Every structure is written in C-alpha cells, then in structure tokens.
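On a predicted model such as this, the values are computed, not experimentally measured, just so you know.
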Protein chains: 2
Amino acid sequence: MQLVRLVRILSSLTRLASFCSPFSSSAEGTARLLRVGDVLRESRRFSESDVVRYSEVTGDRNPVHFDDAFARTVAGFDGGRVVHGMLVASLFPSVIASHLPGAAYVSQTLTFKLPVYVGDEVLAEVQATYLRQYKNKYMVKFTTKCFTNEDTLVVAGEATTIIPTLTLSK
Amino acid sequence: MQLVRLVRILSSLTRLASFCSPFSSSAEGTARLLRVGDVLRESRRFSESDVVRYSEVTGDRNPVHFDDAFARTVAGFDGGRVVHGMLVASLFPSVIASHLPGAAYVSQTLTFKLPVYVGDEVLAEVQATYLRQYKNKYMVKFTTKCFTNEDTLVVAGEATTIIPTLTLSK
C-alpha cells in the first residue's frame, strides 16, 4: 500500500509539473505555441442541476442518472446516480477549445472505466501526442483522460482535431 | 448520378424496413427482446437554443458554435455555426437508454465525418451487432451512426454497453 501511495503522489507531482509547463513562457509576454507533450487541464464537479440540464438538452433520461435506487439495484452502480458519461467526456472538447478556439473535432474514442457520481470532482487532462500541418491548418492528436480523487482514471481515450492555429489562447 | 440516387433510395427503404422490424411483435402484446440486427432510431433537430444550453452545461464555448463568420472563415465550416459534435453524439446513449433503461456505457468511438449545422435534421441510428450474457446482465455492441438529409453519414462509430435486461421498453 505504501508503494501504491508513493506512485500516486509521484503521479500527482508529475501532473502538477506538466500543468505548469505549457504556460511558463506566458510570463515572458510571448505567444505560446502548442507543442507535442503539452498538457491542458480543466477541473469540474457535476451537480444534480448539471445532470438535469444535460438530460433536458440531450433527451437522455436514463434512470441511472435520476433514480438512486434504480442506479444501485438495477444497473449496479454502488454510489447511486451517475453523471452521464458523455457529459463527463464533453470536458475534452471543452478544454481543447478553451485553449485553441476554432478547434474542430475529427474523432474521439472513449472508454468509461469507472462511474462518475454526482458531486465527484473530475480532472480532465488532454495531452498533445502528434502534430502536423494539414493544408492551412494543423492536425493535432491528444490522449484524453478524466480522473476522480486526483488519480483514479475514470474515462480514457484519444481525440483527433483540426485547429486553425497553434497559438494557445491562455 | 442515377445510380447514386437509386442506392440512396434503397438505403432509405432498407432503413425503413429495419425500423419496423424491432417492434412488430409488440402488437401481439408480448415483450420484445433485443436481438442482434435490431435497429433503434431517433430524429432530432438541434436549435440555436439547444446549442446555447449545451454550451452552458458543458462549458464548451468554442466560437465555431456561436459566431457564423468565425465558423466560416477561421474554421472553414461553409454553413456557418456548427452543432457541438458531442451534442450530436449524445443521441447514441439517448436512443439506447430510451429503449433499454439502465444501459451503462462501456465505450464509444466517434468519427465526425461532416459538420452538423444548427437546424439540420439528424437521424441517429444504432444497430445491435453483438450480444452475450455478462454475469447477471448483457453486454451489447452497437454500430452508431448519424445521418443528415436522410442518407448523408455525418457521425459514425461503435458503442459497447452493459444492459440489465434485453426487454425493449418501447
């Protein structure tokens, strides 16, 4: 258990270090360009109201999102009502577009490894793994991950995007 | 062009026929169980208000969804503002859960082939391709597709779900 804890701490420190990296040159006042290896992040806690509003706009009224007893006994979610997986996954285009406005999604793979419950803090993390010029734009691939409790991987996948410029907007 | 049109018409007729199939025994009053080959569908037209509400709940404020000129000139979307790809893709868990309440998402792949513009009619179509018992539940795989203009494939992919029962709820 000590080793597991040490790995978790190191994992958190690694993430903290890479979080600082992409923005370190902003202080120098120069435009920062996206590079392979850069990590972009966003934290979010989905409330009951978020789940209801998402359900209203998408039409997804699966009772696993609304009925604690149903979620536990029928679907087997020990913690009760779960956040829509695709709402959690919406953090990926959101975090990409907040740093790279105009990004267009080409593809996304998603594996939902563990449920996210209402009120869980979710850290979405995307890392650029591949980058090449594509006509007058850029094709960028990212690994896409969501964690709860800082280091529990709950959603994993990959995204491919076409972005108009490599300049990071924040 | 005649051949293309014929293929489109045949494609539409095939979809219409398979749409009728899953529910044919409901009239006999017996519970209908999901089978490999069954197709489930839902049509939806996303409005400006839907895009705004989705943006509010997910935090995705990419200007390609709000600014016609930006969407055209910077991102290259000829039709202007586009619907969030993940909002279009949310139709897949929505249509699955509306027929199979309690379905839990295991994975989803998504390829965004063409943009969906505000006001486009979108037909989401999922087809069961694989089914096996999994503990006291069922693992079901689906192909997942969205079309506009009846037969233009705009989003394609596959979903894997765990469902508590094969009984179709409608």
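The pair Glu121(B)-Arg45(B) counts as a salt bridge, with a side-chain nitrogen and a carboxylate oxygen less than 4.0 angstrom apart. For the pair Arg32(B) and Asp38(B), the salt-bridge criterion is met [side-chain N within less than 4.0 Å of a carboxylate O].
Arg41(A) and Leu123(A) make their closest contact through CD-CD1, 3.7 Å (heavy atoms, listed as atom of the first residue, atom of the second, distance). The nearest pair of heavy atoms linking Phe92(A) to Val155(A) is CE1-CG1, 4.0 Å.
Contact annotation for Val64(B): only side-chain heavy atoms (C-beta onward) come within less than 4.5 Å of a heavy atom of chain A. Neither the backbone nor the side chain of Glu158(B) comes within less than 4.5 Å of any heavy atom of chain A. Only the side chain of Phe70(B) comes within less than 4.5 Å of a heavy atom of chain A; its backbone N, CA, C and O stay farther away. Only the side chain of Phe77(B) comes within contact range of chain A, with at least one heavy atom under 4.5 Å from a heavy atom of that chain. With a 4.5 angstrom heavy-atom cutoff, Ala159(B) does not touch chain A via any of its atoms. With a threshold of 4.5 angstrom between heavy atoms, Lys113(B) does not approach chain A through any atom at all.
Per-residue heavy-atom pair counts under 4.5 Å with chain B were compared for Ala103(A), Ala75(A), Ser47(A), Gly102(A), and the maximum is reached by Gly102(A). Considering only heavy-atom pairs separated by less than 4.5 Å from chain B, the leading option among Pro93(A), Ser98(A), Gly157(A) is Pro93(A). Taking chain A as the reference chain and counting heavy-atom pairs below 4.5 Å, the highest number among Gly85(B), Ser49(B), Gly59(B) is found for Gly59(B). Note on Val95(B), Thr109(B), Asn62(B): by heavy-atom pairs under 4.5 Å with chain A, the leading option is Asn62(B). Of the listed residues (Val106(B), Val82(B), Thr160(B)), the one with the most heavy-atom contacts under 4.5 Å to chain A is Val106(B). Ranked by heavy-atom pairs shorter than 4.5 Å toward chain A, the options Ser90(B), Pro115(B), Ala104(B) are led by Ser90(B).
At a cut-off of 3.5 Å, with distance as the only test, no side-chain donor of Thr111(B) or Ser107(A) sits close to an acceptor on the other residue. In this model, a donor atom of one side chain and an acceptor atom of the other lie less than 3.5 Å apart for Thr144(B) and Gln108(B). Side-chain contact, Tyr130(B) with Arg132(B): a donor N or O sits under 3.5 Å from an acceptor N or O.
Under the 4.5 Å side-chain contact rule for hydrophobic residues, Tyr134(A) and Phe112(B) do not share a cluster.
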